[in-house]
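Data first, discussion second: the structure below is written as structure tokens.
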Protein chains: 2
Amino acid sequence: MLGRTYEGQHCSIAKSLEVVGERWSLLILRDVFTGAHRFDELQKSLGITRSVLSSRLDHLVQECVLERRRYQTRPDRYEYLATDKGLALWPVLMHLLDWGDRYYAGKSGPPRIVEHDGCGGRMNSELCCDTCGERLWPQTASVHPARLSRPRSRR
Amino acid sequence: MLGRTYEGQHCSIAKSLEVVGERWSLLILRDVFTGAHRFDELQKSLGITRSVLSSRLDHLVQECVLERRRYQTRPDRYEYLATDKGLALWPVLMHLLDWGDRYYAGKSGPPRIVEHDGCGGRMNSELCCDTCGERLWPQTASVHPARLSRPRSRR
């Protein structure tokens with residue numbers, strides 16, 4: 001079985017993939033960015049086993065990509081929030097989204113739309129708002145299922 | 001064993017990861033971008049078995065991320081080139097590079113430097129040249145081991 005490290009690769013891309021390249025890790029981060037912070041929410045969204053999700057979350061917390069915070073006691077329950085280091089992976093995710101949209105969306109169009117909270121513009125391929133030009137980040141953009149986004153003609 | 005598809009995920013990020021998220025796939029693309037086009041060059045750079053490399057290359061060709069081109073007959077030998085669809089993944093790789101540089105490079109600094117061929121500037125976190133501001137792509141930028149890059153003070 002192949003391990004998850006890339007031995008002999010003195011390269012920041014390989015190092016990044018050792019941290020977030022494992023199966024499901026980037027999709028966990030996607031869900032945290034779009035508002036799923038609790039274990040059960042993440043499990044429902046991803047449809048994976050508790051043990052796989054738990055293992056990925058532990059790894060992301062250990063690498064300071066996510067922060068684990070208790071939101072309830074008796075019993076203790078935790079939520080997961082993106083750290084600054086986690087937020088810095090937003091461009092990786094958004095370029096994967098853009099690429100998937102471009103080459104795999106098909107006739108029905110992209111399944112999700114990224115909108116600028118400020119002005120309602122959509123994110124372009126340079127991760128900027130196509131209306132006002134502002135660079136978009138998780139704090140200033142929302143990801144919606146395409147069917148729920150505002151029609152283009154009304155903006 | 002977990003498969004390589006993300007069933008139930010109606011999402012362009014998940015779709016992209018089905019195509020290029022498998023172990024080694026993005027590092028193959030990295031090497032093609034930086035000039036390794038032949039099977040033996042790729043195998044030497046990555047240090048993986050012929051069968052794993054062959055399987056990943058076949059998948060990337062099948063998905064039109066790479067193009068397979070014969071450069072020799074008797075015996076037939078092939079090289080692998082990035083298609084436009086492959087080139088469109090450059091921002092994903094460069095943001096992974098930037099993130100790895102930022103959080104894992106350590107005291108010795110980034111192992112690789114991306115330079116603008118036109119003016120010798122370095123790529124910034126928005127994938128633009130830090131000297132002239134031009135957006136950089138594989139056709140206009142080169143990736144060097146840090147020790148071979150031009151000293152900053154000479155520009």
Side-chain angles (χ1 to χ4, degrees), chain A residues 1-4 6-27 29-31 45-49 52 63-65 84-85 88-105 108 110-112 125-128 135 143 145-146, chain B residues 1-4 6-27 29-31 45-49 52 63-65 84-85 88-105 108 110-112 125-128 135 143 145-146:
Chain A
M1 186 184 158
L2 290 165
R4 75 176 173 207
Y6 290 100
E7 278 155 36
Q9 295 290 312
H10 183 51
C11 165
S12 290
I13 296 174
K15 180 64 207 175
S16 296
L17 291 172
E18 287 180 1
V19 179
V20 295
E22 212 172 9
R23 191 167 161 73
W24 295 107
S25 295
L26 285 173
L27 296 189
L29 204 61
R30 171 202 69 183
D31 284 356
S45 165
L46 298 164
I48 54 180
T49 64
V52 168
E63 293 289 343
C64 304
V65 171
D84 286 347
K85 184 175 170 182
L89 283 164
W90 163 265
V92 172
L93 281 172
M94 290 303 104
H95 280 295
L96 284 168
L97 178 80
D98 181 62
W99 191 77
D101 281 349
R102 196 182 318 179
Y103 293 103
Y104 294 97
S108 55
R112 294 171 192 233
S125 290
E126 296 188 352
L127 314 193
C128 295
R135 174 89 173 183
V143 183
Chain B
M1 187 185 157
L2 291 164
R4 75 175 173 207
Y6 291 98
E7 278 156 35
Q9 295 290 312
H10 183 52
C11 164
S12 290
I13 296 174
K15 181 62 206 177
S16 296
L17 290 172
E18 287 181 0
V19 179
V20 295
E22 211 171 11
R23 193 169 160 72
W24 295 107
S25 295
L26 284 173
L27 296 189
L29 204 60
R30 171 201 69 183
D31 284 357
S45 164
L46 298 165
I48 54 179
T49 65
V52 169
E63 293 288 344
C64 304
V65 171
D84 285 347
K85 183 176 171 182
L89 283 163
W90 163 265
V92 172
L93 280 171
M94 289 303 104
H95 279 295
L96 285 168
L97 178 80
D98 182 59
W99 190 78
D101 281 350
R102 196 183 318 177
Y103 293 103
Y104 294 97
S108 55
R112 294 171 191 232
S125 290
E126 296 188 354
L127 314 192
C128 295
R135 173 89 172 182
V143 183

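Chain A is the first sequence line, chain B the second, and so forth, proteins listed ahead of strands; every chain is numbered from 1.
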Can you tell which part of [X] gets under 4.5 Å to a heavy atom of chain B, answering side chain, backbone, both or neither?
X: E63(A); result: both
X: V65(A); result: side chain
X: A14(A); result: both

When the ring planes of H95(B) and H95(A) are compared, do they come out parallel, tilted or perpendicular, using 30° and 60° as the limits?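 The rings of H95(B) and H95(A) lie parallel, inter-plane angle below 30°.
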
Only pairs of heavy atoms separated by less than 4.5 Å count here; which of E18(A), E7(A), K15(A) has the most with chain B?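 When all of E18(A), E7(A), K15(A) are compared, K15(A) has the most.
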
Look at G8(A), G47(A), C11(A) and state which one has the largest set of heavy-atom pairs under 4.5 Å with chain B.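 Option with the top pair count is C11(A).
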
To the nearest 0.5 Å, tell me how far [X] [atom1] sits from [Y] [atom2].
X: R30(B); Y: S12(A); atom1: CZ; atom2: OG; result: 10.5 Å
X: L127(A); Y: L127(B); atom1: CG; atom2: CG; result: 8.0 Å
X: I13(A); Y: R112(B); atom1: CD1; atom2: CZ; result: 7.0 Å

side-chain contact (heavy atoms from CB on, under 4.5 Å) partner of S16(B), chosen from L96(A), L93(A), L26(A):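 Only one of L96(A), L93(A), L26(A) forms a side-chain contact (heavy atoms from CB on, under 4.5 Å) with S16(B), namely L96(A).
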
Closest-packed option against chain A by number of heavy-atom pairs under 4.5 Å, given L27(B), V19(B), D101(B): L27(B)

Under the side-chain contact (heavy atoms from CB on, under 4.5 Å) test, residues paired with Y103(A) that sit two or more places apart: W99(A), K85(B), A88(B)

Spell out, as yes or no, whether a donor-acceptor pair under 3.5 Å connects the side chain of E22(A) to the backbone of R23(B). no

Taking all heavy atoms of S45(A) and all of Q9(B), pick out the closest pair and write down the distance.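 Between these two residues, the closest heavy atoms are O-NE2, 2.8 Å.
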
Partner residues of R135(A) under the salt bridge (Lys or Arg N to Asp or Glu O under 4.0 Å) criterion, sequence neighbours left out: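 None.
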
Toward chain A, the part of L97(B) with a non-hydrogen atom under 4.5 Å: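 Backbone plus side chain of L97(B), per the 4.5 Å heavy-atom cut-off to chain A.
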
